[in-house]
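Protein chains get the first letters and strands the later ones, always in sequence-line order, with residue 1 at the start of each.
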Amino acid sequence: VTQRIFVANRGEIALRIIEACDRLGFETVLGVSTADRDSLGAKRATRTVVLGGPQPRDSYLSVPAVVHAAVATGCTALHPGYGFLSERSELARACAENGITFIGPSPEALDALGDKLSARALATRLGVPVSPGGTTASLAEAERLAPEVGFPLLVKAAHGGGGRGMKLVRTPEELAEAWPVAASEAEAAFGDGTVFLERFVTDAKHVEVQILGDRHGNWIHLGERECSVQFRYQKVVEESPCAALDAATRSILTDSALAIARELQYVGLGTVEFLYDVERGEVAFLEVNPRLQVEHPVTEQVTGVDLVREQILVALGEPLALTQEDVTVTGHAIECRITAQDPGRQLLPSPGTVKRWRPPAGGGMRLDSHVFEGYRFPPFYDALMAKLISWGPDREAARERMVRALADFEIGGLVTSRDLLRDIVAHPDFAAGSVTTHWLGDSLLSTEVPA
Amino acid sequence: VDIDLEELAAIIELLDKTDFTQFRFEKGDLRIAVSRGGAPLDGVAQAGVAAPVSAAAHRTADVAAPAQTVQEAAPAAQAASAAFDETELGPDELLVRSPLLGTFYRSPKPGEPAYVEVGDKVEADSVMGIVEVMKLMNSVPAGVSGEVSRILVADAELVEFDQPLFVVRRLP
């Protein structure tokens, strides 16, 4: 049987998936919105079908349209990419009901990981470090626990979904105010007034471990990535490995990630995210992203493993071709997300026509992008234009290559984040490897006038 | 049907890269007519002409079927992936397009007569077929009145969003 993969995504990741399928000899069907009919992905896929109108809810977020298109075009498997429907157990179930292999974890794993508190409970059960916290049934109990947890802390419903009713509390007085409100909200929404307190880590590095599992009981990790350069929880620059980790901390992270993978019988690619408090030397589990990540190329550049290819093969039932011993990290890779966003206006989106597009060429550089000269960057989707990735034998070499490549990248016609990215990778704090998740907002993108 | 400035801008953006002189879009009570190169718009009050693309969007009381796109004989802004060449349309011919992606059925149930055949007269609210998406049946209203002159898609075929399904000839 020739595999035919339905690509339920757009932009650079649709191209990346199509390219991986091409090399595997698999056919591809790309579902597009009317705004993406002339995209590069539409040209490269074996076949393209129009799912619906430009708004994501009418096309890329429509489970019925996506599954119907995959079935009707005879697809054997479906790759959801990242974002859009990639973490929706509803899509994974609909695929299974229609005999299509979902390239991602089981619906049960998606549900278990989708709820942050249940994911935290899972981590706690496995002995994975989590940020200090606990459940409280009364305000008095909360006031006893709070000093152990430490301020600032988050107050939220212990049972029930997501971040509903979550409050940030900075003082004991604020806790006395917030606790009864959170308890009654939890009682009203979920029928259980138990309230959860958790330390809010304000200044830490974001470190995540790449995991990969097959259907035959094999799990490996592919090292870690650091993604501390963020703005409003949006990652801007990523790298692998994380230079700030010592061997002992790295082992805690990778052992924890593998324990979670094993417990969930996790199939496919996943990312286990942690916060790393450098000063305290503490790590805390954040969440698991059950999908391919935007920043996967940095791992590919230092390990030489084609993650998308492996992800597709394990989903189709192949045993992992790699053992943990086969995975070695060589050198250092940095990725910059070039976006259609205006750094002068707090990264406001700036769609428009790409009048000039001349990427840099050079040793150790990689560009993942769906943009070409004359491309009309649509206003309906995320602002990612390209991922520029540099590799070097060490971090400094990769960083210097990136500074030069960004300076050489000619982009015209619309405002992009290119110059901001160059300022970031050229900054002494970035060079020193000391940045934390609040650094970008407090420095280059700070709205406060310097004293 | 509500259309915001961002959507309007996106439509004009999409149009700008295609070859056309006139474009009309109707959805619910919304009508957009665009002409290019300073050519006057047929039968539409112009709201200003600016090269290379001018747009006049206004609401009318005309009844058009909901969720149905109807396009007059102007060349298509975007050809659907179906092989139908929209430049072949006569000046009095209109297209009925698929309101969504799904499986197209010409009759209410297998074995029953088709909703419409070539030569049938249809009104705007006439049902011309069904598009099934994951077991949900959606009727395809004509959106225009006239006589069915061509049927472009076979029964039980996958149709894409916006794909031409029928050609309807306006009657004098």
Is it the side chain or the backbone of A:P64 that comes within 4.5 Å of chain B heavy atoms, both, or neither? both
Is it the case that the side chain of A:H68 and the backbone of B:L101 share a donor-acceptor pair, with hydrogens and angles ignored and the cut-off at 3.5 Å? no
For atom CZ of A:F372, decide whether the heavy atoms of other residues, nucleotides or ligands shown that lie under 6.0 angstrom number more than 12. yes
Minimum side-chain heavy-atom gap A:R37-B:D162 below 4.5 Å: yes
Using a 4.5 angstrom heavy-atom cutoff, name the option from A:P54, A:S59, A:G52 with the most pairs to chain B. A:G52
Name of the residue among A:T34, A:L51, A:D58 meeting side chain to side chain contact (heavy atoms under 4.5 Å, CB included) with B:F161: A:T34
At a 4.5 Å cut-off on heavy atoms, which part of B:E132 comes close to chain A: side chain, backbone, both, or neither? both
Is there side-chain contact between A:T48 and B:E160, with heavy atoms separated by less than 4.5 Å? no
Note: B:L158 and A:A72 closest approach over all heavy atoms is CD1-CB, 3.6 Å
Could you have a look at A:P378, A:S62, A:G53 and say which one has the most heavy-atom pairs with chain B under 4.5 angstrom? A:G53
